[in-house]
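For reference, the structure discussed in these notes is given below.
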Amino acid sequence: MEITIERAVEMIQQSKAITFLTGAGVSTPSGVPDYRSLQGVYHGLEVPEYLLSKECLLREPEKFYGFVKHLYHEEARPNVIHQAMAQLEKTKKTWVVSQNIDGLHEAAGSQRLVNFHGSLYDCYCQKCHQAVAWQDYLKSDRHKDCGGQIRPNIVLYGEGFEESVIEQAIRAVKEAELLVIVGTSFQVHPFCDLIYEKSSAAKILVINQTPIQLAGDNNFVQANGVAVFEKL
C-alpha cells in the first residue's frame with residue numbers, strides 16, 4: 001500500500017521498537033556512490049562483483065586493492081537519515097542493520113548497529129592478524145611489521161558470513177514492532193531474507209525511490225529517505 005511521507009513519519013513516531021534495514025540509498029545523500037556506479041573505474045572490463053570477490057583478492061591483489069581504495073570517502077559525513085536513526089535510540093528501542101560498509105551509521109552515533117557486510121574502516125593483516133589503521137591501508141596494502149597483505153573486514157563475494165552477525169541481525173528483526181527498509185532494492189541475499197524473521201504482528205514500512213518486491217503487506221513511500229527523516 002502506498003502511503004504519504006507524513007503517514008510514514010507518523011508510523012515511526014508511534015512505534016516503540018523499530019529496526020531499520022538500510023542500503024546504499026541512505027549514504028548517497030552524503031556523497032557516497034553505490035559501488036556499482038564505479039564500473040567506469042575499470043572501463044567495464046570487470047564487474048564490481050569480481051573486483052570485490054575473494055577470488056580477486058587472492059589471484060589479483062593489486063587489482064582488488066586498486067578498486068577497494070575507490071570505496072573510501074573520507075570526506076563523507078552522516079546525513080539527516082543517519083542522524084535521525086541514531087537520535088531515535090535515545091527514546092525508543094532502535095536497531096540498525098545495514099548493508100553499507102562506509103562507517104556512517106557509527107559516525108552518527110548509532111550504538112545498536114549490525115554492519116551486516118562489515119566495515120571498510122576495520123582493517124587487519126591476513127598474515128599476523130593484527131588490526132591495522134585504515135589510514136595505513138590506504139597508503140599500502142602490505143603490513144609494515146610483517147609484510148603480510150592487509151584487507152578490510154568486509155564480506156567479499158565468495159565468502160561466508162559470521163554466525164554471530166547473522167544471529168544479531170535476526171534478533172534485531174525479531175524484536176521490532178516496525179521494520180523500516182530504507183534506500184535498498186532489497187535483492188541481496190541473505191540480507192533480504194531477514195524479513196522472514198519478523199514477528200507476525202510487526203508492520204513493514206518501505207522508504208525507497210523505486211518499488212521493491214516484497215511478499216505480504218507493506219507500507220510504501222516512494223521517496224528519498226532525506227524527505228522522510230528530515231521531518232522526524
Side-chain angles (χ1 to χ4, degrees), residues 1-9 11-12 15 18-41 47-49 52 70-89 94-110 112-121 154-155 157 169 172-173 176 178-195 198 203-214 218-232:
M1 176 173 72
E2 195 154 350
I3 62 170
T4 63
I5 287 173
E6 288 69 30
R7 176 64 191 130
V9 170
M11 286 179 75
I12 293 169
S15 298
I18 308 172
T19 294
F20 294 100
L21 301 173
T22 71
V26 162
S27 293
T28 45
S30 292
V32 178
D34 181 341
Y35 74 83
R36 284 186 180 83
S37 65
L38 291 171
Q39 287 189 54
V41 171
V47 292
E49 281 76 5
L52 269 185
H70 287 283
L71 302 182
Y72 285 85
H73 296 275
E74 301 165 59
E75 73 295 337
R77 296 290 174 266
N79 62 58
V80 68
I81 308 173
H82 302 105
Q83 289 160 351
M85 288 178 188
Q87 202 60 32
L88 283 165
E89 269 189 29
T94 306
W95 276 95
V96 177
V97 183
S98 184
Q99 296 176 89
N100 299 337
I101 55 176
D102 53 39
L104 290 175
H105 281 297
E106 279 106 323
S110 282
R112 287 194 287 270
L113 171 67
V114 183
N115 283 317
F116 201 72
H117 291 145
S119 171
L120 287 167
Y121 297 90
I154 56 176
V155 180
Y157 288 94
V173 169
L178 177 67
L179 277 167
V180 188
I181 299 168
V182 193
T184 170
S185 59
F186 214 56
Q187 290 174 341
V188 175
H189 299 277
F191 186 79
C192 62
D193 303 316
L194 290 170
I195 203 77
K198 79 176 190 71
K203 292 191 171 115
I204 299 173
L205 170 61
V206 180
I207 303 167
N208 205 42
Q209 289 183 315
T210 52
I212 67 172
Q213 292 295 312
L214 214 55
N218 64 82
N219 300 275
F220 173 60
V221 184
Q222 191 152 7
N224 180 315
V226 168
V228 178
F229 286 89
E230 65 187 4
K231 290 188 186 303
L232 281 167

Tell me, with the steps shown, if Thr184 and Thr22 meet side chain to side chain contact (heavy atoms under 4.5 Å, CB included). CA-CA 6 Å; Thr184 170; Thr22 71; over 6 Å; no
Option from Asn100, Leu71, Asp102, Ile101 for which side-chain contact (heavy atoms from CB on, under 4.5 Å) with Val32 holds
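Only match with Val32 under side-chain contact (heavy atoms from CB on, under 4.5 Å): Asp102.
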Check whether any side-chain heavy atom of [X] lies under 4.5 Å from a side-chain heavy atom of [Y], and answer yes or no.
X	Y	result
Ile195	Phe186	yes
His82	Ser30	yes
Arg7	Asn219	no
Val9	Leu232	yes
Glu89	Ser110	yes

Compare every heavy atom of [Y] with every heavy atom of [X], then report the nearest pair and how far apart it is.
X	Y	answer
Glu230	Val80	CA-CG2, 3.8 Å
Tyr121	Glu74	OH-N, 4.4 Å
Val97	Ala172	CG2-CB, 3.9 Å
Val114	Trp95	CG2-CZ3, 3.9 Å
Asn208	Gly183	OD1-CA, 3.3 Å
Asn79	Ser27	ND2-CA, 4.3 Å

Does Gln87 have any side-chain hydrogen bond (donor to acceptor under 3.5 Å, both in side chains) partners at least two apart in sequence or in another chain, and if so, which?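 Testing Gln87 for side-chain hydrogen bond (donor to acceptor under 3.5 Å, both in side chains), a comparison that skips the adjacent residues, returns none.
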Interatomic spacing from [atom1] in [X] to [atom2] in [Y] - rounded to 0.5 Å:
X	Y	atom1	atom2	result
Thr94	Ile12	OG1	CD1	10.0 Å
His105	Leu113	NE2	CG	6.5 Å
Leu205	Met1	CG	CE	10.0 Å
Asn218	Glu2	CG	CD	10.5 Å
Leu104	Ser98	CG	OG	9.0 Å
Ile5	Ile207	CD1	CD1	9.0 Å

Please assess Lys231 against Glu6 for the test side chain to side chain contact (heavy atoms under 4.5 Å, CB included), listing each intermediate value before the final yes or no. CA-CA 8 Å; Lys231 290 188 186 303; Glu6 288 69 30; 3.8 Å; yes
**Q.** Residue pair Leu179, Leu194: steps toward the side chain to side chain contact (heavy atoms under 4.5 Å, CB included) verdict
**A.** CA-CA 10 Å; Leu179 277 167; Leu194 290 170; over 6 Å; no
Any donor-acceptor pair under 3.5 Å linking the side chain of Gln222 with the backbone of Gln209?
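Yes, because the side chain of Gln222 sits within donor-acceptor range (under 3.5 Å) of the backbone of Gln209.
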Gln213, CD atom: more than 12 neighbouring heavy atoms under 6.0 Å: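 Open.
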- Query: What is the ring orientation for His117 with Phe191, classed by angle as parallel under 30°, tilted 30 to 60°, or perpendicular over 60°?
  - Reply: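 The rings of His117 and Phe191 sit tilted, inter-plane angle from 30° to 60°.
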| said: Checking Ile3 against Met11 for the side chain to side chain contact (heavy atoms under 4.5 Å, CB included) test, could you report, in this order, the C-alpha distance in whole Å, the side-chain angles of both residues, the deciding distance, and whether it holds? | reply: CA-CA 11 Å; Ile3 62 170; Met11 286 179 75; 3.9 Å; yes
